[in-house]
Structure formats: C-alpha cells, structure tokens
Amino acid sequence: MKQVNIKQKNWDFFRPYFKQLVVPAKTIVLQEGKISRTMFFIEKGCLRTWVNNDGKEITTQFFFEGDSVSSIESFITNQPSLYSIESLEPCILQTILKNDFQNIIENSSELKKKLEAHLFKRLFQSQQLLYSFLRNNPQQRYDELIVKHPHILQRIPQHYIASYLGITPVSLSRIRNRH
C-alpha cells in the first residue's frame, strides 16, 4: 500500500512537466537532421522511425501504446537526428522537453534506473534487428516478425512492413501468399 502511494506521489510531481500532443496520421514529429528536444510517450496510436535513402523511406522501427520514443542519440548529445519519427495513426502523445526530463531523472533514482533498463532494452532490440538482417533471408525475417511482433502485422500497412523487412511490397506479398 505504501509503495503505491509513493509511486502516485511521484507521478503527481512529474505530471506538470508533460504536455499532451494530439497529432493526425502521417505527421512528422521529428525530422531527420533536426535536433531532438522532446521525448514522446504514446498514450494512443502508433509511430514509426525511418531514414531517407536517396528519396526512399526505409522504416527502422514501430512504436505503440505505452512506448516512449525519441531520437535518443540526438536527445542526449544535441547532434542532428539520424532518422525521422512519424505518426502512422492518429496519436495522443505525452511529451516532455529535454531540460524537464533531465531534471526529473536527476531527482529520481528509480526513474534513472528505469531509463537505463529502457536503453539496454532498445540496444538489445537494435542488435537483434541488425543480426536478423545479417543472418536471415526475407522469408525468415517475416517468420520472425510473425512470432515476435504479430501486432505489427495487424496494425501496420504492408508497404511499411516491407520497408522494415528490407524488401519490396511485391516480395512481401509473395511471402505472405506462401503462408
């Protein structure tokens, strides 16, 4: 009972730092090459990260309700973001500015530990994706996606899934027809 009160008290303390942002689908909330000054917490909706490769968008990750999203490298180092962040669905986001976020982290060892755990989780996910591209063919990557992230197939348009898997929409269609 005491633990719940402490957590609620902490959240009440942090609540004024957050601002709600409602964005329609297909809205870029961070443009590649810009410095990330905001962290997004998805209350409702879906975001994707993507890079521009000579005019071709390559999707790198998807994020859903409960996820936090930022170009963390840019957010921490003030270097330009290597990718864009875009809404795929209408979204309700809770946002926090970098200075407020740093202030909160410095004043809460519990949140600092959660941030470290989150960063390690993101690093591990990135490594898994990289090694999947190095080891697996497109069919194997699709099979892995079905097993590990079936919700992506239910919510994300096929052309974004194809980009994420590193294949064309036609190739994805062929792979799906074999299932």
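Computed from a predicted structure; not experimentally measured. Quick note: numbers below take in every heavy atom, side chains included, and nothing from hydrogens, waters or symmetry partners.
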For R155, salt bridge (Lys or Arg N to Asp or Glu O under 4.0 Å) partners two or more places apart: E65, E89
Within one Ile-Leu-Val-Met-Phe-Trp-Tyr cluster: W50 and L129, side-chain cutoff 4.5 Å: no
Pairwise side-chain contact, Q94 with Q20, heavy-atom cut-off 4.5 Å (strictly under): yes
ILVMFWY network linking I72 to I35, side-chain heavy atoms under 4.5 angstrom: no
Candidate pair T38 and I96, rule side chain to side chain contact (heavy atoms under 4.5 Å, CB included), full reasoning: CA-CA 6 Å; T38 306; I96 187 165; over 6 Å; no
More than 12 heavy atoms of other groups within 6.0 Å of K26 NZ: yes
Contact summary for P80 and G33, nearest pair of heavy atoms: CB-O, 3.3 Å
Common cluster, I146/I152, ILVMFWY with side-chain heavy-atom separation under 4.5 Å: yes
Stepwise side-chain hydrogen bond (donor to acceptor under 3.5 Å, both in side chains) test for R48 and T59: CA-CA 7 Å; R48 76 173 176 130; T59 299; 2.7 Å; yes
Flag, side chain of S126 to backbone of R122, donor-acceptor distance under 3.5 Å: yes
Short side-chain to backbone donor-acceptor contact, T77 and E73, under 3.5 Å: yes
Minimum side-chain heavy-atom gap T168-S171 below 4.5 Å: yes
Nearest-0.5 Å distance, CD of residue E144 to CZ of residue R135: 10.0 Å
Backbone of Y164 reached by a side-chain donor or acceptor of T60 within 3.5 Å: no
T49 side chain to Q61 backbone, donor-acceptor under 3.5 Å: yes
Nearest heavy atoms of A25 and L88, plus distance in Å: CB-O, 3.6 Å
Pairwise distance CG(L119) to CG(L123) - rounded to 0.5 angstrom: 9.0 Å
Validation row: E86, S84 side chains within 4.5 angstrom (heavy atoms): no
F64 backbone acceptor or donor facing D67 side chain under 3.5 Å: yes
Pairs touching residues 167-179 that satisfy salt bridge (Lys or Arg N to Asp or Glu O under 4.0 Å), sequence neighbours left out: none
Ring pair (Phe, Tyr, Trp, His ring centres under 6.0 Å) between F75 and F101, intermediate numbers included: CA-CA 10 Å; F75 191 75; F101 181 78; 5.6 Å; yes
Backbone of S36 reached by a side-chain donor or acceptor of S74 within 3.5 Å: yes
Test item: N137 side-chain N/O and Q140 main-chain N/O as donor-acceptor pair under 3.5 Å: yes
Any I156 side-chain heavy atom under 4.5 Å of C46 side chain: yes
Beyond-backbone contact of K98 with M39, side-chain heavy atoms, under 4.5 angstrom: no
Flag side-chain contact, heavy atom, 4.5 Å: I175 against D143: no
Distance (rounded to the nearest 0.5 Å) between Y160 OH and L172 CG: 14.5 Å
Atom pair NZ (K44) and SG (C91), whose distance is rounded to the nearest 0.5 Å: 8.0 Å
I85: hydrophobic cluster co-members (side-chain, 4.5 Å): L21, V23, V29, L30, F40, I42, L47, V51, I58, F63, V69, L82, Y83, L93
Check: N99 main-chain N/O paired with N103 side-chain donor or acceptor under 3.5 Å: no
F18 ring center within less than 6.0 Å of F41 ring center: yes
Distance in Å, K121 NZ paired with K114 NZ, rounded so as to fall on 0.5 Å steps: 12.5 Å
Sidechain-backbone polar pair: R141 side chain, L165 backbone, donor-acceptor under 3.5 Å: yes
Ionic contact status for E116 with K112, cut-off 4.0 Å: no
Side-chain donor-acceptor pair present, Q31, S81, cut-off under 3.5 Å: no
F120 CZ to Q127 CD distance, which is reported to the nearest 0.5 Å: 10.5 Å
Trace of the side chain to side chain contact (heavy atoms under 4.5 Å, CB included) decision for N78 with R37: CA-CA 8 Å; N78 287 319; R37 303 193 191 290; 3.8 Å; yes
Exam field: side chain S87 to backbone P90, donor-acceptor pair closer than 3.5 Å: no
